[in-house]
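Accompanying notes for the structure given below.
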Amino acid sequence: MRQALPMAEGPVAVESWYDSDIDHVIITEEQIRDRITELAKQVAADYASVDRLLLVCVLKGAVMFMADFARALGRCGTPVELEFMAISSYGQGATSSGVVRILKDLDRDIAGRQVIVVEDIVDSGLTLSWLLKYLESRSPGSVEVVALFRKPDAVKVPVPVRYVGFDIASEFVVGYGLDFAERYREMPYVGVLKPEVYTRSLP
Ligand code: PRP
């Protein structure tokens with residue numbers, strides 16, 4: 001039987017493949033959109049005197065946020081340039097170790113540039129802690145962080161996150177870039193995965 005989407009937009013509400021795997025929604029599509037608009041307004045005001053703000057996205061989880069955040073900044077009249085990095089934690093299991101390998105580096109010199117790291121989630125903080133040290137070694141003019149989600153209860157190392165979208169509970173969440181085994185990133189909302197989904201083996 002078809003059910004209404006947790007956050008349906010427009011005239012047609014069609015259940016998607018992932019909806020039945022979600023125990024409950026914690027942040028709706030509309031809440032994400034509204035919060036990104038607020039964050040962009042704040043950043044646009046703080047960087048009003050900056051010519052070319054450089055956004056650095058950490059793949060893959062932050063790609064949805066990067067796309068929406070850059071467009072929200074555009075609507076605020078703030079020109080941005082986009083850079084992407086891919087990094088991999090050497091750690092085992094579901095949590096990161098803080099030991100990081102660069103899979104894709106920056107394409108350009110960031111010396112003297114005003115940089116904002118665009119992250120989807122700060123969990124233990126280990127990834128971001130490593131990344132900030134790495135970026136600082138490239139002599140930027142400044143580096144700040146915008147993270148759409150943060151799990152305050154999980155943070156192991158203090159990381160200076162200037163802009164935070166949502167503080168969330170330390171649960172197994174997916175959606176809007178956050179994955180389980182590379183799935184669920186395309187969900188437009190964020191939800192808690194049903195335990196039976198991650199305890200069963202995936203195809
Ligand atoms: C996620 C997320 C952050 C990191 C946060 O990336 O995008 O980069 O984990 O975790 P931490 O605060 O505990 O270090 P992940 O390594 O899962 O890769 P992905 O973005 O490709 O999903």
Side-chain angles (χ1 to χ4, degrees), residues 17-18 21-22 26-27 29 32 35-36 39 43 54-70 72 82-107 110 115-138 140 143-193 195 197-199 201-203:
W17 69 267
Y18 41 70
D21 288 353
I22 301 304
I26 59 164
I27 307 171
E29 186 175 0
I32 291 171
R35 187 70 185 117
I36 290 175
L39 288 170
V43 169
L54 185 62
L55 303 182
V56 174
C57 171
V58 187
L59 296 171
K60 303 172 197 168
V63 72
M64 308 292 178
F65 181 35
M66 178 73 150
D68 287 340
F69 185 59
L82 312 184
E83 276 288 307
F84 295 87
M85 284 187 74
I87 59 182
S88 168
S89 171
Y90 278 121
Q92 293 188 337
T95 55
S96 60
S97 64
V99 182
V100 168
R101 180 166 60 109
I102 296 176
L103 303 176
K104 186 209 168 299
D105 206 342
L106 298 165
D107 287 336
I110 63 166
V115 174
I116 295 187
V117 176
V118 178
E119 260 288 20
D120 50 340
I121 190 163
V122 180
D123 198 333
S124 69
L126 291 167
T127 304
L128 199 49
S129 173
W130 177 89
L131 184 67
L132 289 174
K133 283 189 199 118
Y134 176 74
L135 292 175
E136 290 292 355
S137 75
R138 312 271 301 247
V143 181
E144 298 289 353
V145 178
V146 57
L148 189 55
F149 310 113
R150 179 174 63 182
K151 290 180 175 174
D153 295 343
V155 173
K156 287 184 188 160
V157 287
V159 277
V161 184
R162 182 159 175 189
Y163 308 97
V164 178
F166 302 90
D167 277 326
I168 61 175
S170 198
E171 298 177 290
F172 204 142
V173 292
V174 294
Y176 200 74
L178 304 174
D179 74 310
F180 168 58
E182 297 299 330
R183 288 152 48 104
Y184 304 100
R185 293 192 198 273
E186 73 271 41
M187 281 170 45
Y189 60 91
V190 173
V192 176
L193 207 54
V197 175
Y198 52 83
T199 52
S201 58
L202 288 168

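Both ligands and their constituent atoms are indexed starting at 1 by order of listing. Excluded from the calculations below are hydrogen atoms, water molecules and symmetry mates; all remaining heavy atoms, backbone and side chain alike, are included. For reference, positions follow the sequence shown, starting with 1.
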Test side-chain contact (heavy atoms from CB on, under 4.5 Å) applied to Val146 and Val118, step by step: CA-CA 5 Å; Val146 57; Val118 178; 3.9 Å; yes
Angle between ring planes, Trp130 versus Tyr134, binned at 30° and 60°: parallel, tilted or perpendicular?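 Trp130 and Tyr134: parallel rings.
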Could you check whether the rings of Tyr189 and Tyr18 sit parallel, tilted or perpendicular, using 30° and 60° as the cut-offs?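 Ring orientation of Tyr189 relative to Tyr18: perpendicular.
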Atom indices of ligand 1, in the order listed, that fall short of 4.0 Å to a heavy atom of [X]:
X      : value
Asp179 : 22 (O)
Thr127 : 4 (C), 8 (O), 10 (O), 11 (P), 14 (O)
Leu59  : 20 (O), 21 (O)
Gly125 : 11 (P), 12 (O), 13 (O)
Leu126 : 12 (O), 14 (O)
Ser124 : 11 (P), 12 (O), 13 (O), 14 (O)

Would you check if the side chain of [X] reaches a backbone N or O of [Y] as a donor-acceptor pair within less than 3.5 Å?
X      : Y      : value
Lys104 : Phe84  : yes
Glu83  : Asp107 : yes
Arg150 : Gly125 : no
Arg35  : Gly165 : yes

Ligand 1 contacted by Ala62 (non-hydrogen, < 4.0 Å)
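No.
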**Message:** Quick check: Ile121 and ligand 1, any N/O pair under 3.5 Å apart?
**Reply:**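 No: no nitrogen or oxygen of Ile121 is under 3.5 Å from one in ligand 1.
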Do ligand 1 and Gly61 have nitrogen or oxygen atoms that lie under 3.5 Å from each other?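 Looking only at distances, the answer is yes, because the N/O contact criterion of under 3.5 Å is met.
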Checklist line | Location of contacts on Lys151 toward ligand 1, heavy atoms closer than 4.0 Å | finding: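 None of Lys151 does.
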Which part of Leu178 is near ligand 1, with near meaning a heavy atom under 4.0 Å away: side chain, backbone, both or neither?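 No part of Leu178 comes within reach of ligand 1.
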In the structure I gave you, are the side-chain heavy atoms of Tyr184 and Val197 within less than 4.5 Å of one another anywhere?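 Result yes, sub-4.5 Å side-chain heavy-atom pair found.
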Out of Glu119, Lys60, Glu182, who is nearest to atom 21 (O) of ligand 1 when you count heavy atoms only?
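Among Glu119, Lys60, Glu182, the closest heavy atom to atom 21 (O) of ligand 1 comes from Lys60.
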